[in-house]
Amino acid sequence: MGGGGGGGDSSEDTAVELGDEPHVLAVDDNLIDRKLVEKLLKNSSCKVTTAENALRALDYLGLGNETLEGTVSKVNLIITDYCMPGMTGYELLKKIKESSVLKEVPVVIMSSENIPTRISQCLEEGAKMFMLKPLKQSDVKQLKWHLMKCRN
Amino acid sequence: MRRQLAIMRKSLFDQGHLDEQFIELEELQDDANPNFVEEVVALYFRDSARLILNMEQALEGKPFDFNKLDGYMHQFKGSSTSIGAKKVKAESTLFREYCRSGNAEGCVRAFQQLKKEYGTLRKKLEAYFQLARQTGPMETASRPK
C-alpha cells in the first residue's frame, strides 16, 4: 500500500476506481447544457453518456422499468441537474442512494440557482458535491481531481 | 479580415451582448471540435426559437398561465446563460420576476424587449461566425512549435 494519502478516513467506499477514463452519466433536460457538460467532461478525459431526464437515467443505470436484460452499464460518476420535469435531480439522487447496487456511485448535483436549503438537502441525501451552473472547465477539473484516488 | 473579426468580437463584449461564459465556450474548442462554439450557438438559436414560439402562444391565452410561462423562461434563461448571452439573460430574469408576481403587463413588455435583444444577438452572432468561417481557422492551430 503506497504512502502519501493523508487523512484518517479509509474512504474505501468513496474511492473511485477511475482508471484512465472514468465513465460519467450526465443528466440534464436542457439540450445546450447537455452538450456543454459532455464537452467539459470529454476535455477532462472522461467517457460520457448523457440522459435527458431522470427516468432515462434510471433505465440506463438498470433501475428503470425499461431496462433491458444485459444492458446495464457501469458508471463511475453521475452528474445531474436539479430542476428537471417529472423526476427532479434530488429524487434521482434518492433513488440511486436507495439502490444496493448503485449507492456507492458518487452523485453530483448541478443547479443554476444558488439556494442554500436546496444545497444542504442534496448533500444530506448523499450528493458528493453541489455545483452551480454554468459549469466551467476549472469546476470539472476540480471535480475529477476531488473524486479520483490517484495511485501515484 | 482577422482584425475585423477581432473588432467584431470585442464589440460584442463591450456592448454587453456577451459575457465571460462565451469565453469559456471558446476555451472548450479544440482541434477535435474546431467549430464547437458555432455549433453550440446554432443549437441555442434552434432550441430557443422553439421556446420563444411556445411563450408567444402562452402569451396569447387569457388569463396567462404564469407557471407555464415561467417554466419556458427557466429553460430559455438557462440556455442563454450557458452561451454567455448577457443581455438576453438579463431580460429573461426580468420576465421571470414579472411571472412570479403575476404581472401580466410586465410580462408582455419584458417579452417584447427580450425578443428585441435576442434578435440583435442573433444577427450579430450570425455575422460574426460568417466572418469567422471566411477568415479560416486560428493561426495558433497551424503554427509549428
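Side chains included, hydrogens not; waters and symmetry mates left out as well; all remaining heavy atoms used. In what follows, chains carry the letters A, B, and so on, assigned in the order in which the sequence lines appear, proteins first and then strands, with residues in each chain numbered from 1.
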Visitor: According to a 4.5 Å side-chain heavy-atom criterion applied to Ile, Leu, Val, Met, Phe, Trp and Tyr, with indirect links allowed, do B/Y98 and B/L69 form part of one hydrophobic cluster?
Guide: no
Visitor: Any chance CD of B/E105 has more than 12 other-residue heavy atoms, nucleotides or ligands included, within less than 6.0 Å?
Guide: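 Open.
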Visitor: Within a radius of less than 6.0 Å around NZ of B/K68, do more than 12 heavy atoms belonging to other residues, nucleotides or ligands occur?
Guide: no
Visitor: Based on non-hydrogen pairs under 4.5 Å, which of B/L28, B/D47, B/N33 is most in contact with chain A?
Guide: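 Counting heavy-atom pairs under 4.5 Å, the top option is B/L28.
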Visitor: Is the shortest side-chain heavy-atom distance between B/H74 and A/C83 below 4.5 Å?
Guide: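 The answer is yes, as the side chains (C-beta and beyond) meet within the 4.5 Å cut-off.
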Visitor: Got more than 12 heavy atoms from elsewhere within 6.0 Å of NZ, A/K141?
Guide: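 Enclosed.
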Visitor: For a 4.5 angstrom cut-off between non-hydrogen side-chain atoms, does B/F76 reach A/N30?
Guide: no
Visitor: Answer yes or no: is there an ion pair linking A/K136 with B/E27, defined by an N-O contact shorter than 4.0 Å?
Guide: no
Visitor: Do B/Q75 and A/D29 have side chains that approach each other closer than 4.5 Å (heavy atoms only, starting at C-beta)?
Guide: yes
Visitor: Would you call A/K39-B/D30 a salt bridge at under 4.0 Å N-O?
Guide: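 Looking at B/D30 together with A/K39, the answer is yes, because their closest N to O distance falls below 4.0 Å.
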Visitor: Is it the case that more than 12 heavy atoms not belonging to A/R56 sit under 6.0 Å from its CZ atom?
Guide: no
Visitor: Would you say A/K35 has more than 12 foreign heavy atoms packed within less than 6.0 Å of its NZ?
Guide: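 Yes, the 6.0 Å shell around NZ holds more than 12 heavy atoms from other groups.
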Visitor: Do B/S79 and A/D33 have a side chain donor and acceptor closer than 3.5 Å?
Guide: no
Visitor: Taking atom OG of B/S82 and atom CG of A/L135, what is their separation to the nearest 0.5 Å?
Guide: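 The CG atom of A/L135 is 8.5 Å from OG of B/S82, to the nearest 0.5 Å.
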Visitor: Is it true that B/F129 and B/V88 fall in one hydrophobic cluster, defined by side-chain heavy atoms closer than 4.5 Å?
Guide: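 Yes.
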Visitor: Spell out, yes or no, whether B/F45 and B/L114 are grouped together once hydrophobic residues are joined by side-chain heavy atoms under 4.5 Å, including indirect joins.
Guide: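 They do share one cluster, since a chain of ILVMFWY contacts under 4.5 Å joins B/F45 to B/L114.
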Visitor: With the side chain counted from C-beta on, respond yes when B/L25 and A/L36 share a heavy-atom pair under 4.5 Å apart, and no when they do not.
Guide: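 Yes, side chains in contact.
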Visitor: Rounded to the nearest 0.5 Å, what separation is found between the OG atom of A/S112 and the NZ atom of B/K89?
Guide: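 With rounding to 0.5 Å, OG (A/S112) is 10.0 Å from NZ (B/K89).
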Visitor: Given that the side chain runs from C-beta out, which part of A/N43 has a heavy atom under 4.5 Å from chain B: side chain, backbone, both or neither?
Guide: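 Just its side chain gets close to chain B.
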Visitor: When rounded to the nearest 0.5 angstrom, what distance separates CD in B/Q21 from NZ in A/K133?
Guide: 11.0 Å
